[in-house]
Amino acid sequence: MARLKIAVLISGRGSNMQALIEACSTEDAPAEIALVLSNVPDAAGLKFAEQNGIPTVTIDHRKFSERDSFEQKISSCLVDAKIELVCLAGFMRLLTAGFVDTWRDRLINIHPSLLPAFKGLDTHARVIAEGARFSGCTVHFVRSEMDSGPIIIQAAVPVALDDDADSLARRVLEAEHRIYPQALRLIAEGRVTVDNDLVRIEGARTPASSVINPDIGLEGQNPAPTTFTAMETRNHGD
Ligand code: GAR
């Protein structure tokens, strides 16, 4: 079967891009990274892509007086490379409704929080300032409002009592590197549909148990009544 042609858009380090490239490097991968595009000429991620034989292109937003013409240039590169799915991976430019609508349901993003909580920048510092017990990360289809759109997959990451923004960011990033390749695989295998702006996933299960943070050593002593089953929870996949 033909592999889904992917473009990854980056602005910097590109560690999520790297996770996607590595996930697509196996023979049975259902997707191929056909293009890495950066708006920052010296983005560190470009080097990794080049070393792995992936075509790269830089479209420097500072050379465009209008956001529209910058985005049109991106779109024409994507079309020329016959891209079928665009993955934003630390691409730090807001995209206009025009671009987002052109690529509707073919444009996904990763954000380092459990959306819809903590949209925007400085996520980890804000999570800690709020005293949240869990953070995490989300892969979602992109809509024109910032960090919004139908959610494909999330990982919950417990916030440690002694976490600072950097230590939390490191653990969330590890989870990002796990879920982004999984989201890509689900889409490339044709298992994802968007229905009424909610994502349905064929053949996916919901983990059975909840996670409590902090763990005060009482789990098992006072088991919760089993008044519902996984089947009764809202789960589009089952
Ligand atoms: C990642 O943590 C990603 O979730 C975040 O930027 C980082 C890029 O790291 N994206 C956003 O905040 C988008 N709203 P990377 O370049 O190493 O993948």
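In listed order, ligands and their atoms are each counted from 1.
- Considering backbone and side-chain N/O of D147, one or more are found under 3.5 Å from N/O of ligand 1.
- For the 3.5 Å distance criterion, the side chains of D28 and T26 qualify, holding a donor opposite an acceptor.
- Ranking protein heavy atoms by distance to atom 8 (C) of ligand 1, first place goes to G90 CA, 3.6 Å.
- A side-chain donor-acceptor contact under 3.5 Å links D215 to the backbone of G217.
- Residue-environment remark: NZ (K47) stays at or below the threshold of 12 foreign heavy atoms within 6.0 Å.
- When the options H177, H124, E176 are ranked by their closest heavy atom to atom 3 (C) of ligand 1, first place goes to E176.
- For R191 (side chain) and E202 (main-chain N/O), a donor-acceptor pair under 3.5 Å exists by modelled atom type.
- The closest protein non-hydrogen atom to atom 10 (N) of ligand 1 is I110 O, 3.6 Å.
- Here L121 has no heavy atoms under 4.0 Å from ligand 1, in either its backbone or its side chain.
- Ring geometry for H61 versus F70: interplanar angle over 60°, hence perpendicular rather than tilted (30 to 60°).
- Side-chain N or O atoms of R67 include one that pairs as donor or acceptor with a backbone N or O of L94 at under 3.5 Å.
- For atom 14 (N) of ligand 1, the nearest protein heavy atom (residue, atom name, distance) is H111 ND1, 3.0 Å.
- Applying the 6.0 Å contact sphere to CZ of R178 captures no more than 12 heavy atoms from other residues, nucleotides or ligands.
- The protein non-hydrogen atom at the shortest distance from atom 16 (O) of ligand 1 is G14 N, 2.8 Å.
- Using a distance-only test at 3.5 Å, with no hydrogens or angles considered, a donor-acceptor pair links the side chain of R126 to the main chain of K119.
- Look at M92 and you'll find a heavy atom under 4.0 Å from some atom of ligand 1.
- Distances between N or O atoms of G12 and those of ligand 1 include no value under 3.5 Å.
- Looking at atom 9 (O) of ligand 1, its nearest protein heavy atom turns out to be R13 NH2, 3.0 Å.
- When hydrogens are left out, the protein atom nearest atom 15 (P) of ligand 1 is S15 N, 3.4 Å; that is the closest non-hydrogen contact.
- With ligand atoms numbered from 1 in the order given, ligand 1 contributes 4 (O), 5 (C), 10 (N), 11 (C), 12 (O) to contacts under 4.0 Å with heavy atoms of P112.
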